[in-house]
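Following: one structure in structure tokens, then a few remarks.
Side-chain atoms are counted along with the backbone in the values below, which use heavy atoms only and exclude waters and symmetry mates. None of these values were measured; they are calculated from a predicted model.
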Amino acid sequence: MPQGKPAVVPDDGLTTRQRRNRPLLIVHTGPGKGKSTAAFGMALRAWNQGWPVGVFQFVKSARWRIGEERALKVLGESGEGGSVAWHKMGEGWSWSRRPGTEEDHAADALEGWEQIKRDLAAETYRFYVLDEFTYPLKWGWVDLDDVLGTLAGRPGNQHVVITGRDAPERLVEAADLVTEMGKVRHPMDAGQKGQKGIEW
């Protein structure tokens with residue numbers, strides 16, 4: 001295993017082991033492709049460690065069948081790593097314009113967040129993916145103060161990854177690890193739509 005050495009060791013009273021094992025808040029944001037894909041890659045690592053994994057998707061439709069969902073569910077049912085639960089909120093209102101009012105979508109997003117709060121309080125999972133969660137925050141459907149307070153006070157050793165463009169600055173400031181995906185080039189720039197095996 002690589003033995004990375006931090007550039008700075010804070011005077012926080014923690015041992016190296018305590019600091020290494022503290023729960024992380026991780027944000028994947030930016031205009032480039034790969035934010036969710038990176039989070040699901042981390043979920044695979046969590047599964048391999050035997051951790052229960054909870055995925056909460058806030059934008060993609062419940063009708064969409066994405067490859068990571070199938071793969072992680074199969075792995076979760078294999079009895080080898082951790083369990084995997086996959087939750088879809090809403091009906092893909094952001095991209096596919098499914099029927100329903102903005103109030104309906106906001107209510108779905110808020111109920112999704114309330115479920116996450118219950119799971120965090122119960123320590124249901126060790127690793128959470130809140131996929132496309134920046135959008136309900138950006139649109140004001142979920143209260144940012146509530147999110148930041150809940151995540152800061154979460155019990156146990158629960159890691160949380162939040163994905164999506166335009167992450168609020170206060171969320172970025174609160175996170176332990178932030179990756180901004182930049183876009184250099186994308187096939188859509190040349191008029192090409194998403195394709196199997198690449199987007200899903």
To the nearest 0.5 Å, tell me how far [X] [atom1] sits from [Y] [atom2].
{"X": "L137", "Y": "I162", "atom1": "CG", "atom2": "CD1", "answer": "6.5 Å"}
{"X": "R154", "Y": "L151", "atom1": "CZ", "atom2": "CG", "answer": "6.0 Å"}
{"X": "L75", "Y": "R70", "atom1": "CG", "atom2": "CZ", "answer": "11.0 Å"}
{"X": "L44", "Y": "L72", "atom1": "CG", "atom2": "CG", "answer": "5.0 Å"}
{"X": "M42", "Y": "I26", "atom1": "CE", "atom2": "CD1", "answer": "3.5 Å"}
{"X": "L110", "Y": "H105", "atom1": "CG", "atom2": "NE2", "answer": "14.5 Å"}

If every non-hydrogen atom of [X] is compared with every non-hydrogen atom of [Y], which pair is closest and at what distance?
{"X": "E180", "Y": "P31", "answer": "OE2-CD, 4.4 Å"}
{"X": "A43", "Y": "V129", "answer": "CB-CG2, 4.3 Å"}
{"X": "A109", "Y": "V142", "answer": "O-CG2, 4.0 Å"}
{"X": "T163", "Y": "A39", "answer": "CG2-CB, 3.7 Å"}
{"X": "G76", "Y": "V84", "answer": "CA-CG2, 3.8 Å"}

Determine yes or no for a side-chain-to-main-chain donor-acceptor pair under 3.5 angstrom, with [X] supplying the side chain and [Y] the backbone.
{"X": "T29", "Y": "A167", "value": "yes"}
{"X": "D131", "Y": "V55", "value": "no"}
{"X": "H28", "Y": "K35", "value": "yes"}
{"X": "H159", "Y": "F127", "value": "no"}

Problem set entry | Check ion pair K73-E69 (N to O, under 4.0 angstrom) | yes
Exercise. Does the ring centre of F58 sit less than 6.0 Å away from the ring centre of W113?
Worked result: no
With a 4.5 Å limit on heavy-atom distance, are the side chains of [X] and [Y] in contact?
{"X": "L171", "Y": "L25", "answer": "yes"}
{"X": "Q158", "Y": "E123", "answer": "yes"}
{"X": "W51", "Y": "R45", "answer": "no"}
{"X": "K138", "Y": "R165", "answer": "no"}

Exercise. Side-chain heavy atoms under 4.5 angstrom apart, residues restricted to Ile, Leu, Val, Met, Phe, Trp, Tyr: same cluster for F40 and M181?
Worked result: no
For this session: Could you check R170 against E173 for salt bridge (Lys or Arg N to Asp or Glu O under 4.0 Å), going step by step and ending with a plain yes or no?
Result: CA-CA 5 Å; R170 288 173 57 212; E173 290 170 2; over 6 Å; no
For this session: Dump the intermediate steps for side chain to side chain contact (heavy atoms under 4.5 Å, CB included) on Q115 and H87, then the final yes or no.
Result: CA-CA 10 Å; Q115 180 59 54; H87 309 277; 5.6 Å; no
Exercise. Under 30°, 30 to 60°, or over 60°: which ring-plane class applies to Y128 and Y125, parallel, tilted or perpendicular?
Worked result: perpendicular
Problem set entry | Test item: side-chain donor near acceptor, E80 and W47, under 3.5 Å | no
Problem set entry | Other residues, nucleotides, ligands: >12 heavy atoms within 6.0 Å of R118 CZ | yes
